[in-house]
Amino acid sequence: ILICGASGSGKTSFSRLLNGISPNYIEGELKGNIRTADLKAGEAKIEEYLPIVGSVFQNPKTQHFAVDTTSELAFPLENIGEDPDSIRKQINEKTDAFQISNLLDRNIFELSGGEKQQIAFVAANMLNPNILILDEVTSNLDQKAINKMTQMVQQLKSKNMTIIIFEHRL
């Protein structure tokens, strides 16, 4: 699904309603109903969204929680109480599947913007969500990084995952 509109038209605000960030953490007045997989915005807790909706934001710096890439990928799994052996196995499976194993055990601050976005993308998929929200994920990337992100999206699309892309340019 593509949501396209000019900068400032409300795309990010809408994406935050779909992933439960608003109005749970970003305050505002919500009128009407928005549901994502039977979760009603303003009523469902953010924890209910986590296994269902993955999100990747325009600026990966705003969503990294760790200093190194492996810890970043482990973070979602640690939060749900997975054991360390299972976490390592799942990290290896995901990084192999998305062909980013070369980014493991690296300092996030030393990665390029495209590499940071790839880590954010895989981290958003660690819990195997049914829905992936991509909010202008290619806006700050060069063509090589855009091509890599496109491949990663196509890989999920081939598995019939619901992907909602918010963009201001086609």
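Residues: numbered from 1 along the sequence shown.
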When you measure from the side chain of [X] to the backbone N and O of [Y], does any donor-acceptor pair fall under 3.5 Å?
X      : Y      : answer
Gln117 : Asn140 : no
Thr69  : Arg106 : yes
Gln63  : Pro60  : no

Minimum side-chain heavy-atom gap [X]-[Y] below 4.5 Å:
X      : Y      : answer
Leu104 : Asn92  : yes
Gln118 : Leu111 : no
Glu93  : Lys89  : yes
Met161 : Pro129 : yes

Specify the closest pair of heavy atoms between [X] and [Y], including all atoms of both residues, with the distance to one decimal.
X      : Y      : result
Glu167 : Val137 : OE2-N, 4.2 Å
Thr138 : Met149 : CG2-CG, 4.1 Å
Lys11  : Ile3   : CD-O, 3.9 Å
Gly114 : Ala145 : CA-CB, 3.8 Å
Ser9   : Ala6   : OG-O, 2.7 Å
Val56  : Ala120 : CG2-O, 3.9 Å

State yes or no: do [X] and [Y] share one hydrophobic cluster built from I, L, V, M, F, W and Y residues joined by side-chain heavy-atom distances below 4.5 Å, directly or via other members?
X      : Y      : value
Leu18  : Ile163 : no
Leu17  : Ile1   : yes
Leu127 : Ile119 : yes
Ile100 : Phe65  : no
Leu134 : Phe57  : no

Enter the distance from [X]:[atom1] to [Y]:[atom2] here, rounded to the nearest 0.5 Å.
X      : Y      : atom1 : atom2 : value
Ile91  : Glu72  : CD1   : CD    : 10.0 Å
Arg88  : Leu73  : CZ    : CG    : 9.5 Å
Leu103 : Thr95  : CG    : OG1   : 9.0 Å
Phe98  : Gln151 : CZ    : CD    : 11.5 Å
Leu132 : Thr162 : CG    : OG1   : 10.0 Å
Asn125 : Lys94  : CG    : NZ    : 6.0 Å

Apply the side chain to side chain contact (heavy atoms under 4.5 Å, CB included) test between Asn19 and each candidate in Thr36, Val53, Asn24, Asp135; give the one that qualifies. Val53

If we check side chain to side chain contact (heavy atoms under 4.5 Å, CB included) with Ile108, which of these qualifies: Lys61, Glu115, His64? His64

Check whether the side chains of Glu136 and Thr12 place a donor and an acceptor atom closer than 3.5 Å, and report yes or no. no

Would you indicate whether Asp38, at its atom CG, is surrounded by more than 12 heavy atoms from other residues, nucleotides or ligands within a distance under 6.0 Å? no

Please state whether the rings of Phe14 and Phe166 are parallel, tilted or perpendicular, taking 30° and 60° as the class boundaries. perpendicular

